[in-house]
Amino acid sequence: MGKAIVLDGKAVAARVRAEVKTRAAEFARSRGRPPGLAVVKVGSDPASAVYVRNKRLACEEAGIKSFAFDLPDSVSREALVAQVKALNADPLVDGILVQLPLPKGLDANEIMDLVDPAKDVDGFHPYNTGLLAQKRPRLRPCTPFGVIRLAHEYGITLQGLRATVVGASNIVGRPMALELMLAGATVTVCHTRTRDLQAEVERAEIVVAAVGKPGMVRGEWIRPGAAVFDVGINRTAAGRLVGDVEYDAAAERAGWITPVPGGIGPMTIAMLLSNTLDAAVARS
Ligand code: NAD
């Protein structure tokens with residue numbers, strides 16, 4: 001096997017969840033109610049169903065009350081808007097998560113913009129993204145926040161390092177770049193128009209891959225000793241989960257690397273729980 005230290009996201013996530021559980025119990029004792037997270041699922045996308053179930057189970061295990069709303073594919077824009085507004089107004093709900101993607105015909109941006117920023121535990125509202133961009137983060141997008149926490153737990157100092165983020169989506173790549181800048185890294189962001197992806201990855205001491213294409217980041221591109229965070233989750237024809245990085249070859253060169261599964265995935269859920277606690281405390 002490779003020389004890299006494998007970053008055990010599952011173990012670190014378990015520690016974060018245990019911290020949240022202690023804080024949730026303390027919150028419940030002092031406020032007379034548990035912190036609450038509303039998880040809204042619209043439609044019948046099978047991947048969303050798995051994510052939502054895992055998030056609800058993780059909540060219950062951490063002592064966070066989970067409020068489940070399962071709306072049909074056919075739900076009207078008006079009914080979904082009314083649901084989000086009702087959750088904004090509900091004092092028992094500290095966090096609101098609307099699982100993406102939404103079925104065709106519903107505008108995810110419109111719905112995200114409606115979520116009260118104080119309850120936006122996914123950190124997707126433009127207000128929270130804006131605060132992160134301005135170096136005063138409040139509720140931070142869970143996946144990039146999970147990468148930062150994992151690096152921190154392993155003592156990987158980001159300050160001054162050259163970081164390359166592959167992928168520029170609103171939910172992963174862009175906020176990842178903002179997080180890395182906040183941590184003091186010098187950041188390059190790659191996307192479909194990037195001319196020479198290999199060169200951008202080769203220079204990087206920190207690589208974050210968030211594309212959604214297996215093997216997109218080649219092992220031989222990894223700079224010796226680099227820290228590699230693989231956010232991608234792809235299912236192979238054989239049904240196996242793999243990331244965006246050519247793992248075995250990358251692990252021969254990297255200093256640290258996250259596995260898929262068991263890397264960033266569990267960290268994402270842990271940071272969602274942590275955000276919910278932060279939101280609950282800030283609101284009460
Ligand atoms: P997306 O499809 O919204 O964005 C993909 C990005 O990759 C785009 O910015 C695109 O420009 C870029 N890209 C595509 N082809 C490229 C290429 N050839 N070279 C350089 N850039 C290229 O995807 P997303 O929502 O950001 O998710 C990315 C991956 O991360 C997916 O596999 C997704 O399943 C996974 N994901 C994992 C977690 C987790 O908890 N681990 C959370 C969210 C997403």
Side-chain angles (χ1 to χ4, degrees), residues 6-14 16-17 39 45-58 97-102 108-109 112 121-124 129 140-151 163-180 187-204 207-218 221-222 228-237 239-247 257-275:
V6 179
L7 298 168
D8 188 347
K10 216 170 144 184
V12 173
V16 174
R17 294 212 313 264
V39 181
D45 178 61
S48 291
V50 174
Y51 292 142
V52 162
R53 199 192 48 190
N54 288 342
K55 288 170 185 175
R56 287 174 182 158
L57 284 173
L97 182 156
V98 181
Q99 183 66 42
L100 299 179
L102 292 177
N109 284 335
M112 295 296 115
V121 288
D122 258 338
F124 293 163
T129 306
R140 302 154 73 161
C142 303
T143 300
F145 197 15
V147 169
I148 298 294
R149 176 74 192 255
L150 189 57
T164 291
V165 180
V166 189
S169 71
N170 284 339
I171 65 170
V172 189
R174 278 163 204 264
M176 188 73 247
L178 295 173
E179 284 284 357
L180 287 164
V187 183
T188 300
V189 183
C190 302
H191 42 73
T192 48
R193 308 287 177 216
T194 297
R195 228 179 314 145
D196 189 351
L197 182 63
Q198 176 173 349
E200 305 299 347
V201 173
E202 278 175 346
R203 287 191 288 123
V207 178
V208 181
V211 181
K213 292 183 183 161
M216 172 88 231
V217 174
R218 305 278 298 275
W221 297 353
I222 301 300
V228 178
F229 299 89
D230 192 350
V231 175
I233 301 179
N234 311 289
R235 198 171 281 283
T236 64
R240 213 160 58 88
L241 284 188
V242 296
D244 291 341
V245 177
E246 224 179 18
Y247 182 87
I257 190 166
T258 60
V260 177
I264 303 305
M267 289 303 298
T268 296
I269 295 193
M271 299 323 284
L272 169 70
L273 302 181
S274 175
N275 278 351

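Counting convention: from 1, in listed order, for ligands and their atoms alike. Count residues from 1 along the sequence.
- Atom-to-atom distance recorded for Phe229:CZ and Leu150:CG is 6.0 Å, nearest 0.5 angstrom.
- At the top of the distance list for atom 9 (O) of ligand 1, counting protein heavy atoms only, stands Ala168 N, 2.8 Å.
- How far CD1 of Ile233 is from OG1 of Thr268: 7.0 Å, rounded to the nearest 0.5 Å.
- The protein atom (non-hydrogen) at minimum distance from atom 24 (P) of ligand 1 is Ser169 OG, 3.7 Å.
- When the heavy-atom distances from atom 7 (O) of ligand 1 to Gly167, Gly243, Pro261, Pro214 are ranked, the shortest goes to Gly167.
- Taking atom 40 (O) of ligand 1 as the reference point, the nearest protein heavy-atom neighbour is Thr268 OG1, 2.9 Å.
- In this structure, CZ on Arg203 lies 4.5 Å from OG1 on Thr188, to the nearest 0.5 angstrom.
- Atom numbering of ligand 1 starts at 1 in the shown order; those under 4.0 Å from a heavy atom of Val172 are 26 (O), 43 (C), 44 (C).
- A side chain to side chain contact (heavy atoms under 4.5 Å, CB included) with Val245 is found for exactly one of Thr258, Val228, Val260, namely Val228.
- Close contacts of ligand 1 with Ala210, meaning ligand atoms under 4.0 Å from a residue heavy atom, involve 5 (C), 6 (C), 7 (O), 28 (C).
- Under a 3.5 Å cut-off, the side chain of Arg174 and the backbone N or O of Ser169 do not form any donor-acceptor pair.
- When only non-hydrogen protein atoms are considered, atom 31 (C) of ligand 1 lies nearest to Gly212 CA, 3.6 Å.
- Here the side chain of Asp244 pairs no donor or acceptor atom with the backbone of Val231 at under 3.5 angstrom.
- Note that CZ of Arg140 is 10.5 Å distant from CG of Leu178, once rounded to the nearest 0.5 Å.
- Nearest protein heavy-atom neighbour of atom 33 (C) of ligand 1: Ile233 N, 4.2 Å.
- Near Thr143, with a cut-off below 4.0 Å to any heavy atom, the atoms of ligand 1 are 40 (O), 42 (C).
- Distances from ligand 1 to the non-hydrogen atoms of Lys213 include at least one value under 4.0 Å.
- Among all non-hydrogen protein atoms, the one lying nearest atom 10 (C) of ligand 1 is Thr192 CG2, 3.9 Å.
- Across Val231, Asn234, Thr258, heavy-atom proximity to atom 35 (C) of ligand 1 is greatest for Val231.
- Taking 4.0 Å as the cut-off, Gly265 counts as a neighbour of ligand 1 on heavy-atom distance.
- Summarising the geometry, atom NZ belonging to Lys55 is positioned 8.0 Å from atom OG belonging to Ser48; distances are rounded to the nearest 0.5 Å.
- For Met216, the closest heavy-atom approach to ligand 1 falls below 4.0 Å.
- Considering CH2 of Trp221 and OG1 of Thr164, their distance stands at 11.5 Å, rounded to 0.5 Å.
- The main-chain N or O of Met271 is never found under 3.5 Å from a side-chain atom of Arg149 such that the two would form a donor-acceptor pair.
- The nearest heavy-atom contact from the protein to atom 2 (O) of ligand 1 is Val211 O, 4.2 Å.
- The Ile171 neighbourhood of ligand 1 comprises atoms 25 (O), with distances under 4.0 Å to a heavy atom of that residue.
- Between the side chain of Thr143 and the main chain of Val172, no donor-acceptor pair closer than 3.5 Å is present.
- Closest to atom 21 (N) of ligand 1 by heavy atom, among Met271, Arg235, His191, Met267, is His191.
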